[in-house]
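So the structure is just underneath, and the comments pick up after that.
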Amino acid sequence: MLDLRLIRNHPDVIRRALARRNEDFPLDELLSADEEWRSHLARVEQLKAKRNEASEAIGRLKREGKDAEEAIVEMRAVAQEISALEARVKELETKIHDLLMVIPNIPHESVPDGASEEDNVEVRRWGTIPEFPNGPKPHWEIAAELGIVDFERAAKVAGARYAFLRGAGARLERALINFMIDLHTQEHGYVEVWPPFIANADSLYGTAQLPKFGEDMFRIEGTDSYLIPTAEVPVTNLHRDEILTADMLPLKYVAYSACFRAEAGAHGRDTRGLIRQHQFNKVELVQFVRPEDSYEALESLVRDAEAVLQRLELPYRVVEICTGDLGFKEAKKYDPEVWMPSYNRYVEISSCSNFEDFQARRANIRFRPAPGAKVEYVHTLNGSGLAVGRTLAAILENYQQPDGSVVIPDALRPYMGMDRIEPPAK
RNA sequence: GGAGGGGUGCCGGAGUGGUUGAACGGAGCGGUCUUGAAAACCGUCGAGGGUUUACGCCCUCCGGGGGUUCGAAUCCCCCCCCCUCCGCCA
């Protein structure tokens with residue numbers, strides 16, 4: 001959510017932001033609703049002031065045992081006028097609020113202009129792309145031959161876009177989760193939390209999945225709760241409606257969660273393998289920081305995500321997302337992308353964003369900069385560190401061997417208890 | 001799921017229709033005292049919004065939403081959450 005006063009006083013700033021995003025938004029409608037709201041509000045408040053004054057006088061008269069009937073009758077009329085005007089005020093407030101909920105965040109000045117993902121900017125590459133003389137096998141073939149992923153039975157049990165991991169596959173998933181969390185807690189200063197995997201509508205408004213993206217989530221029938229699409233939701237909302245003290249910041253959390261995505265509109269994309277599932281595991285990093293620190297925090301957040309790829313010795317690049325590809329709530333975003341041999345390209349495996357105060361305003365997360373000072377909104381950030389299923393796929397593909405086995409990256413061996421996944425004996 | 005109790009400011013905790021935005025504590029902030037600190041004492045101290053060049057003025061907020069009333073933290077209705085006991089369950 002943007003600051004209504006910023007919109008009111010600097011509509012040019014908003015207009016430019018919308019243009020950079022190539023986004024249609026009825027800004028003039030919002031501005032005129034705001035103007036009308038304020039003029040009605042002024043009148044209602046005048047009447048209320050009058051009423052308050054009269055009510056106090058009535059109280060005084062009654063205490064003195066005098067007759068107050070005349071004033072009461074007069075105020076009865078005023079009360080009616082107030083409720084009529086107030087209805088209009090509320091209507092306008094609802095309209096303004098609804099519009100504020102769907103106006104996207106302002107891209108940071110440093111975000112490259114662009115129309116689509118074609119215009120995203122690669123900022124760095126790391127690692128060496130492996131060669132496969134006989135061509136790389138896709139991870140779903142490798143997994144099938146190793147007997148570690150079962151899509152068919154998952155389809156029988158749950159449906160399309162679910163997976164059963166088995167044996168070393170299941171263990172690899174679990175090893176990755178533990179490895180990632182340990183790295184972030186022990187070396188990057190994050191506090192581990194284990195969140196609920198269900199969140200209520202208030203939380204989803206707070207982090208801005210709602211109202212615009214309800215279709216992408218699984219709603220629990222008969223409730224206003226949803227399966228979380230990412231741990232970002234519960235972990236950011238951990239501090240909803242709170243005033244933090246300055247010494248708590250920066251506040252850095254790492255959380256494992258299963259993530260659930262209905263993926264409306266994704267039919268036909270990445271239908272094979274582990275890349276796009278309705279349920280997947282993710283280790284998420286979430287930070288609450290002072291506003292002046294948030295861009296520095298974004299850089300270190302990306303480095304924290306990259307560290308996972310480096311430890312696993314997976315080749316990757318980092319892409320800076322352009323204005324046209326930037327998500328609704330993001331002010332700036334970097335996507336680390338891992339090399340996926342069978343795709344012959346880099347594939348998104350993390351997404352690290354600074355939301356500035358966009359989520360903090362919605363979720364009402366504030367802090368007191370100094371004892372006695374006025375409260376301010378914090379800045380929130382988050383990033384995957386990393387998407388576990390995609391990491392597993394990347395390991396299978398990048399570490400595949402000519403004999404059908406898959407070597408386990410060194411960093412993972414203590415967690416796996418093996419240094420190689422062997423194909424079953426025939 | 002059933003029964004009972006409860007949700008008040010940064011925290012604790014009063015307050016059941018008329019100067020209560022809220023007593024009293026604590027924390028914080030400013031000051032007196034002190035070489036310094038502690039203690040003591042004095043003062044200050046919620047959030048959001050409208051309006052104003054500004055000082056200020058005004059409105060709203062006591063879990064959320066409706067209602068009654070000239071007037072509601074206080075009365076009525078619905079909902080949510082927390083606690084205790086019972087049931088169920090891992």
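Residue numbers begin at 1 in each chain, while the letters A, B, ... track the order of the sequences. Atom set for the values below is all heavy atoms of this structure, side chains included, hydrogens, waters and symmetry mates excluded.
Under the 3.5 Å distance criterion, the side-chain polar atoms of Glu53(A) are left unmatched by any main-chain donor or acceptor of Lys50(A). Although no hydrogens or angles enter the test, the distance criterion places a donor-acceptor pair under 3.5 Å between the side chain of Lys252(A) and the main chain of His188(A). Using a distance-only test at 3.5 Å, with no hydrogens or angles considered, no donor-acceptor pair links the side chain of His184(A) to the main chain of Leu285(A). Judged by distance alone, with hydrogens and angles left aside, the side-chain atoms of Ser350(A) form a donor-acceptor pair with the main-chain N or O of Ser384(A) at under 3.5 Å. Using a distance-only test at 3.5 Å, with no hydrogens or angles considered, no donor-acceptor pair links the side chain of Asp34(A) to the main chain of Leu30(A). The main-chain N or O of Pro409(A) is never found under 3.5 Å from a side-chain atom of Arg311(A) such that the two would form a donor-acceptor pair. In terms of modelled atom types and a separation under 3.5 Å, the side chain of Arg174(A) and the main chain of Tyr415(A) share no donor-acceptor contact.
Under the ring-ring contact (aromatic ring centres under 6.0 Å, His included) criterion, His278(A) pairs with Tyr162(A), Phe218(A), not counting sequence neighbours. Looking at residues two or more places apart in sequence or on another chain, you find a side chain to side chain contact (heavy atoms under 4.5 Å, CB included) between Ser225(A) and Ile198(A), Asn200(A), Ile220(A), Thr223(A). Every residue was checked against the ring-ring contact (aromatic ring centres under 6.0 Å, His included) condition with Tyr334(A), not counting sequence neighbours, and none meets it.
One C1' atom belongs to A72(B), the other to G66(B), and the distance between them is 14 Å to the nearest Å. Distance check on atom P: U60(B) versus U19(B) gives 14 Å, rounded to whole Å. Across the P atoms, A22(B) and C62(B) are found 14 Å apart, a figure rounded to whole Å. C57(B) and G21(B) are spaced 16 Å apart, taking the P atom of each and rounding to whole Å. Using P as the reference atom, C10(B) and G49(B) are 15 Å apart when rounded to the nearest Å. Across the C1' atoms, G30(B) and C45(B) are found 10 Å apart, a figure rounded to whole Å. Rounded to a whole angstrom, the distance from the P atom of A73(B) to that of C59(B) is 13 Å. Only the P atoms considered, G18(B) is 43 Å distant from U32(B), to the nearest whole Å.
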Report each atom pair, protein N/O against N/O of nucleotides 88-90 of chain B, whose distance is under 3.5 angstrom.
none

Pick out the pairs of N or O atoms, protein on one side and nucleotides 17-21 of chain B on the other, that lie under 3.5 Å.
residue	atom	partner	partner atom	Å
G18(B)	O2'	Arg63(A)	NH2	3.4
G18(B)	N2	Ser55(A)	O	3.0

Every protein N/O within reach of nucleotides 45-47 of chain B N/O, cut-off under 3.5 Å:
residue	atom	partner	partner atom	Å
A47(B)	O3'	Arg366(A)	NH1	3.0

What protein N or O atoms touch nucleotides 51-58 of chain B N or O atoms at under 3.5 angstrom, if any, and at what distances?
residue	atom	partner	partner atom	Å
U51(B)	OP1	Arg38(A)	NH1	3.0

Kindly indicate, with the supporting measurements, whether the criterion side chain to side chain contact (heavy atoms under 4.5 Å, CB included) is fulfilled by Ile7(A) and Leu100(A).
CA-CA 10 Å; Ile7(A) 299 171; Leu100(A) 281 177; 3.5 Å; yes
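Going from atom OH of Tyr205(A) over to atom P of C80(B) covers 18 Å, rounded to whole Å. When the P atom of C11(B) is taken as reference, atom CG of Leu244(A) falls 12 Å away, rounded to whole Å. Atom CD in Glu242(A) sits about 13 Å away from atom P in G9(B), given to the nearest Å. Atom CD of Glu36(A) is separated from atom P of G50(B) by 16 Å (rounded to the nearest Å). In this structure, Asp202(A) atom CG and C81(B) atom P are separated by 11 Å, rounded to whole Å. Rounded to an integer number of Å, the gap from CG of Asp241(A) to C1' of G64(B) is 12 Å. Regarding Ile198(A), its CD1 atom lies at a distance of 16 Å from the P atom of C80(B), rounded to whole Å. If you take CD1 of Ile72(A) and C1' of G71(B), they are 9 Å apart, rounded to a whole angstrom.
Legend: salt bridge (Lys or Arg N to Asp or Glu O under 4.0 Å) pairs involving residues 270-286 of chain A, not counting sequence neighbours, sorted by first then second residue: Glu263(A)-Arg276(A), Asp270(A)-Arg276(A), Lys282(A)-Glu284(A). Among pairs with a residue in residues 318-329 of chain A, those fulfilling side-chain hydrogen bond (donor to acceptor under 3.5 Å, both in side chains) read Asn120(A)-Asp325(A), Glu232(A)-Lys329(A), Glu320(A)-Lys332(A), at least two apart in sequence or across chains. Counting only residues at least two apart or in different chains, salt bridge (Lys or Arg N to Asp or Glu O under 4.0 Å) contacts with residues 188-209 of chain A are absent.
Considering Leu412(A), Leu314(A), Ile142(A) in turn, Leu314(A) is the only one that fulfils the side-chain contact (heavy atoms from CB on, under 4.5 Å) rule with Tyr399(A).
Checking Tyr295(A) against Glu356(A) by side-chain atom types alone, a donor-acceptor pair falls below 3.5 Å.
Residues Arg76(A) and Arg5(A) each lie close to RNA chain B; by heavy-atom proximity, the contact nearer the 5' end of the strand is made by Arg5(A).
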Contacts table for residues 364-373 of chain A: side-chain donor-acceptor under 3.5 angstrom, sequence neighbours left out:
residue	atom	partner	partner atom	Å
Asn364(A)	OD1	Arg366(A)	NE	3.2
Asn364(A)	ND2	Asp241(A)	OD1	3.2
Arg368(A)	NH1	Ala373(A)	O	2.9

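Taking the centre of each ring, Phe328(A) and Phe358(A) come in below the 6.0 Å mark.
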Note, RNA chain B 5' to 3' with Watson-Crick or G-U pairs under 3.5 Å encoded as ( ), [ ], | and . gives ((((((((.[[[..)..(.....]]].(((((.......))))).((((((....)))))).[[[[[..)....]]]]])))))))....
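A sub-4.0 Å separation between OP1 or OP2 of C70(B) and a side-chain N or O of Arg51(A) is absent.
Here the nucleotide nearest the side chain of Lys90(A), chosen from G66(B), C70(B), G49(B), is G66(B).
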